[in-house]
Amino acid sequence: MQQLRSQLYTLLLSCLVLLPISCNKDDASGGEIDGPKGVGIPLVSINTNGAVIVDEPKVNAEITIIEEDVVSYEGAIAIEFRGASSQALFPKKSYGFETRDTNNEDLDVALLGFPEEEDWILNGPYSDKTLLRNVLIYDLSREMDMYASRTKLVELNVNDSYQGIYVFMEKLKRDSQRIAIQKLNETENSGDDLTGGYILKIDKLSGSNFGDGYNEQNSFNSNYTPPYGSSDKQIRFLYEYPKAEEITTVQKSYISNYINDFENALASDNFSDETIGYAAHIDVDSFIDFFILTELSNNVDGYRLSTYMHKDKNGKLKMGPIWDFNLAFGNAGYCDGSATNVWAYKFNERCSDDFWLIPFWWKRLLEDPAFVNKLKSRWTSLRGNTLSENGIFDRIDTYTDQLNSIDALARNFQTWDVIGEWIWPNNFVGNTYDQETTYFKNFISDRLNWLDSNISAL
């Protein structure tokens, strides 16, 4: 098998490195490719027993996970497609699944060394040809002690059809090992119980949202028009936890009033006052770390989409966890998403006609000298370790060395023939995988240097 694997690698690598990609996949789903055995990175195999995977509802299936040639888990699951834009645009689909017991009930299990849970994601990078943007930023976030979904690179088979390299990750949800906030039941509508926990997000609507469009059942609106937005532009906060169909009227009133009080304090003349200003309502450190990660990557969706925040019982509002950075680090060729010399929080100035704009929060926070001083101190500290250029590059090299050592990159790009092809919304199109990762690193280097100067100058 090792000899066969080496022969396959040599053949595929000639397509990936020596020539612009010309290898063709057998069919749109990938076709079976000999090689992956769960050595080096895990192999995940899904068998739906003839059922067709759709967006909703989940279909019953079986999962087998092989690590180092040993089956580490097998059992029942329910699986569906996930993703908004990516599901519609890309043939390489992402999946969400729940682990189940023999009675088809949800079952908490520890997969790939992650804490026990039932909800999991198989994310399929497609326009991100490095395959690594989410993996990197989530690792950096956790290194900064700001929870982000744990990830592991895997290879995926679905119904004996090879699907390429995927990012196995935790679904964001309330859990002691994920978004660690108190459970909030429908009966808890007064006193300290009412104060948490809550998860909100600023995002597009998805199939799981309650009702049609943005409505009072699934969301509430900010009272403040976003900067540079017309009067009809609104910031909408979606109920993530408790779910829109479960949150009570009293709980909705509490969390919407909390956000309104925060925004009023932030917009007031006394916004920087430690007692009556914005700091009375938010965990400032979490806002600073969220700002740093979003700006480091110049995430074109940052602050305005896939933007989570949470509030625990008797606690202040915290930003995060971060989510969905496939279009970050120069991968988006619109609204200066590829630029290394602009502020991501100033997106509205460049693209005021976009439907989803950024709240006034970030511009206003940077008008407070105390916030800026904390930001500068945190940035300087992180640049000495977690966010050092060499440290970030070492992480990227570790990922790519791992994938190269077992020929996984070759298999992935034979299946998904995208190297050398423009995939929405690519700014850069490399003719080899190495060119894609070099562009990735160059963006990071230029961005770090720009931020060094411009954070210092705030």
Side-chain angles (χ1 to χ4, degrees), residues 25 28-30 36 41-48 51-59 61 63 65 77-99 111-112 114 117-138 148-159 161-173 178 201 203-209 240 299-301 305-306 308 321-329 331-332 399 403 408-409 411-413 415-418 423-426:
K25 53 186 176 287
S29 63
I41 66 173
L43 173 64
V44 177
S45 295
I46 307 288
N47 181 5
T48 66
V52 177
I53 300 174
V54 294
D55 185 12
E56 286 186 273
K58 296 181 177 72
V59 300
I63 189 170
I65 300 177
I77 63 170
I79 188 169
E80 65 184 353
F81 291 138
R82 63 167 285 114
S85 301
S86 61
Q87 185 181 158
L89 291 171
F90 305 142
K92 186 178 184 181
K93 305 301 183 186
S94 293
Y95 303 91
F97 70 91
E98 297 173 348
T99 42
L111 300 181
L112 299 178
F114 297 166
E117 242 292 346
E118 67 186 57
D119 284 310
W120 308 93
I121 291 171
L122 283 160
N123 175 258
Y126 191 72
S127 68
D128 172 16
K129 297 164 196 169
T130 70
L131 313 173
L132 302 175
R133 283 173 166 85
N134 276 326
V135 175
L136 174 66
I137 199 72
Y138 295 171
S149 174
R150 297 173 181 89
T151 64
K152 187 160 288 189
L153 292 163
V154 302
E155 292 185 273
L156 177 65
N157 283 328
V158 176
N159 295 326
S161 177
Y162 180 72
Q163 300 296 305
I165 295 170
Y166 273 68
V167 183
F168 188 99
M169 62 174 65
E170 297 171 320
K171 180 180 179 180
L172 294 185
K173 62 182 296 188
R178 296 189 184 180
K201 65 176 180 176
D203 204 359
K204 298 176 182 177
L205 290 162
S206 64
S208 61
N209 292 120
E240 181 71 9
N299 185 5
V300 75
D301 285 347
L305 292 170
S306 300
Y308 285 78
I322 59 169
W323 189 247
D324 195 3
F325 279 61
N326 279 336
L327 303 187
F329 295 106
N331 196 31
Y399 308 143
L403 296 174
L409 287 172
R411 287 189 290 271
N412 182 82
F413 290 118
T415 302
W416 305 109
D417 188 5
V418 295
I423 306 295
W424 183 90
N426 290 162

Show your reasoning for whether side chain to side chain contact (heavy atoms under 4.5 Å, CB included) applies to Asn134 and Val167. CA-CA 8 Å; Asn134 276 326; Val167 183; 5.5 Å; no
[Y] and [X], any side-chain heavy atoms less than 4.5 Å apart:
{"X": "Ile165", "Y": "Pro125", "result": "no"}
{"X": "Lys92", "Y": "Asn412", "result": "yes"}
{"X": "Phe90", "Y": "Ile423", "result": "yes"}
{"X": "Tyr126", "Y": "Pro91", "result": "yes"}

What heavy-atom pair brings [X] and [Y] nearest, and what distance separates the two atoms?
{"X": "Leu131", "Y": "Leu153", "value": "O-CD2, 4.3 Å"}
{"X": "Trp323", "Y": "Ser149", "value": "CZ3-CB, 3.9 Å"}
{"X": "Ile121", "Y": "Glu170", "value": "CD1-O, 4.4 Å"}

Worked verdict on Thr415 versus Gln163 for side chain to side chain contact (heavy atoms under 4.5 Å, CB included): CA-CA 7 Å; Thr415 302; Gln163 300 296 305; 6.0 Å; no
Would you confirm whether Tyr138, through its side chain, and Asp324, through its main-chain N or O, come within 3.5 Å as a donor-acceptor pair? yes
Under a 3.5 Å distance rule, please check whether Lys152 uses its side chain to pair with a backbone N or O of Leu112 as donor and acceptor. yes
For Leu43 and Asn157, what are the C-alpha separation, side-chain angles and deciding distance, and is it a side chain to side chain contact (heavy atoms under 4.5 Å, CB included)? CA-CA 8 Å; Leu43 173 64; Asn157 283 328; 3.8 Å; yes
Could you tell me whether Arg150 sits above the aromatic face of Trp120, with NZ or CZ closer than 6.0 angstrom to the six-membered ring centre and within 45 degrees of the axis? no
Please determine if Lys58 forms a cation-pi arrangement with Tyr95, meaning its NZ or CZ atom is less than 6.0 Å from the six-membered ring centre and no more than 45° off the ring axis. no
Decide yes or no on side chain to side chain contact (heavy atoms under 4.5 Å, CB included) for Tyr399 and Leu136, but give the supporting numbers first. CA-CA 9 Å; Tyr399 308 143; Leu136 174 66; 4.2 Å; yes
